Amino acid sequence: MSQEPFGSNRITLLRSQLRTHTTQSGYRAAALNAGPRAREKVPAIDLMHEPPAYAITTLIGLLERDRLGAPILLIERGLDDSGTPFVHHENATAALGAACTSLHPCLRGGSASDLSPLLDELIGMWMVAGAVARNSEEDRILRDLARGMGPWMVPQGWGSRLLHASASKGGPKDSLVLTLMQEAIRERAPGLRLRVVRHALEALDANPDDQFHKFWRRAVAFVVGAAIFEDPFGRLPAEYNAHRDSPASRHRRAVDFIYKEAIPTYQSVRD
């Protein structure tokens, strides 16, 4: 028997909101084809080839069954320049985070229906479900959401949403910012590369007026600096050394960021 931590009326409200963002035939197709996936052992969520309603329908079904940590086969746009499909295993919470950024109008040509209010409501209910499950669930949910969202959580406003959702009151949020950015950059793309650094900087550029912008940028610098020093024989240090003395390198910006900000930031914190 499925668990419904918010009561069936809350789940019904989410489905009603989804219905307003899609055609009647599209909603029915999502319910028929994606609805049953929430009961599967490892559901698939395809953010590249299927209509958005499919992913959201599956996520609502997972929430209804209190399967916040369920394993997911996630298909999303890769971080390379051509957006090659990236197929990997995640949990349901990270898949929700990936849906939030992938389905945002700024990454879908700007003309698509804005599903952000619905996804924001889904995040709120998701976090309540985590709090009901156990008191320590909130921190893990925030980290999983950030990992799924990636660096585009900053310009889209999801990063600030996660900070405000934190139970901690008052005081600087720089520690949480660092934790979220660690998930969004280094854990989302194991084997950190210059391309990922550039991707993160482009995301920060898209919203320089965010009230936490300086914390986000410093967090990116620390995470990248840590990758350089903690894995000196890894892919990132190798790429950095290869491009460092090349003025015409396509990775010039990422290289300069590492030299001028990432390395000094990490060293200052470690010292």
Side-chain angles (χ1 to χ4, degrees), residues 47 76-81 83 86 90 93-110 112 114-120 122-124 126-127 138-166 168 171-190 192-227 236 251 253-254 256-258 260-262 265-266 269:
L47 296 171
E76 57 181 325
R77 182 181 178 85
L79 296 181
D80 61 345
D81 294 333
F86 179 37
E90 258 301 353
T93 301
L96 171 57
C100 287
T101 49
S102 295
L103 301 182
H104 194 278
C106 81
L107 293 184
R108 299 173 64 215
D114 187 2
L115 297 164
S116 299
L118 169 58
L119 289 166
D120 185 67
L122 184 53
I123 284 179
W126 206 276
M127 294 193 67
E138 181 193 79
D139 178 67
R140 187 180 67 80
I141 287 179
L142 289 174
R143 288 187 284 109
D144 287 348
L145 285 169
R147 186 173 68 256
M149 290 175 176
W152 278 96
M153 69 180 180
V154 178
Q156 292 182 11
W158 298 113
S160 295
R161 169 72 165 88
L162 299 185
L163 293 179
H164 290 306
S166 172
S168 60
K173 299 255 187 180
D174 51 328
S175 177
L176 179 57
V177 167
L178 177 59
T179 297
L180 297 180
M181 196 53 76
Q182 166 79 12
E183 294 288 339
I185 297 179
R186 200 167 177 181
E187 298 303 324
R188 176 181 173 83
L192 188 57
R193 302 175 61 177
L194 289 176
R195 183 177 61 218
V196 179
V197 176
R198 187 195 70 199
H199 186 75
L201 294 175
E202 290 172 349
L204 291 180
D205 286 347
N207 193 20
D209 297 326
D210 185 281
Q211 62 175 314
F212 299 108
H213 184 268
K214 66 178 181 179
F215 295 115
W216 291 123
R217 189 175 184 92
R218 183 172 174 80
V220 172
F222 182 85
V223 169
V224 173
L236 182 61
H251 295 302
R253 187 185 182 196
D256 288 343
F257 174 79
I258 291 173
K260 296 177 181 178
E261 296 186 51
T265 296
Y266 182 80
V269 173

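Predicted, not measured: the structure shown is a model, and the values here were computed from it.
Shortest non-hydrogen contact noted between Glu76 and Ser102 is OE1-OG, 4.3 Å. The minimum heavy-atom distance linking Gly150 with Arg188 is given by the pair CA-CD, 3.4 Å. Considering all non-hydrogen atoms of both residues, Ala206 and Pro155 come closest at CB-CB, 3.5 Å. The two residues Leu194 and Ala254 make their nearest non-hydrogen contact at O-CB, 3.8 Å. Looking at every heavy atom in both residues, Thr265 comes nearest to Ala221 through OG1-CB, 3.7 Å.
In this structure, Gln156 contributes its side chain and Thr101 its backbone to a donor-acceptor pair below 3.5 Å.
The environment of Arg186 atom CZ is dense: over 12 non-hydrogen atoms of other residues, nucleotides or ligands sit within 6.0 angstrom.
Legend: residues meeting ring pair (Phe, Tyr, Trp, His ring centres under 6.0 Å) with Phe257, ordered by chain and number and at least two apart, are absent. For the side chain to side chain donor-acceptor pair (under 3.5 Å) test, residues two or more places apart in sequence or in another chain that qualify with Arg143 are Asp139. For His199, the side chain to side chain donor-acceptor pair (under 3.5 Å) partners two or more places apart in sequence, or in a different chain, are Trp152.
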Run the numbers on Leu145 and Trp126 for side chain to side chain contact (heavy atoms under 4.5 Å, CB included), then give the verdict. CA-CA 10 Å; Leu145 285 169; Trp126 206 276; 5.5 Å; no
For Leu204 and His213: C-alpha separation, side-chain torsions, deciding distance, then whether side chain to side chain contact (heavy atoms under 4.5 Å, CB included) applies. CA-CA 8 Å; Leu204 291 180; His213 184 268; 4.1 Å; yes
For the pair Leu142 and Met127, evaluate side chain to side chain contact (heavy atoms under 4.5 Å, CB included) and give the outcome as yes or no after the intermediate values. CA-CA 8 Å; Leu142 289 174; Met127 294 193 67; 3.6 Å; yes
Pair Leu163, Trp216 - check side chain to side chain contact (heavy atoms under 4.5 Å, CB included), show working. CA-CA 11 Å; Leu163 293 179; Trp216 291 123; 3.8 Å; yes
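For the pair Val196/Leu236, no side-chain contact is recorded, criterion being any heavy-atom separation below 4.5 Å from C-beta on. Taking the side chain as every heavy atom from C-beta outward, Val269 and Arg218 approach each other to under 4.5 Å.
Atom CZ of Arg161 sits about 5.5 Å away from atom CD1 of Ile123, to the nearest 0.5 Å. Here CD1 of Ile141 is found 9.5 Å from CG of Leu96. Values are rounded to the nearest 0.5 Å. To the nearest 0.5 Å, atoms CG (Leu176) and CZ (Phe215) are separated by 11.5 Å. Rounding to the nearest 0.5 Å places CZ of Arg193 at 7.5 Å from NE2 of His251. Residue Cys100 holds its SG atom at 10.0 Å from CG of Leu115, rounded to the nearest 0.5 Å. One distance of note links CD of Glu261 with CG of Asp256; it measures 10.0 Å at 0.5 Å rounding.
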Ignoring hydrogens and angles, write down the donor-acceptor pairs under 3.5 Å from the side chains of residues 178-185, residues two or more places apart or on other chains.
unit_1	atom_1	unit_2	atom_2	d
Thr179	OG1	Ser175	O	3.1
Gln182	NE2	Glu187	OE2	3.4
Glu183	OE1	Arg147	NH1	3.2

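Taking the six-membered ring where the residue is Trp, Phe222 and Tyr266 present tilted rings, their angle falling between 30° and 60°.
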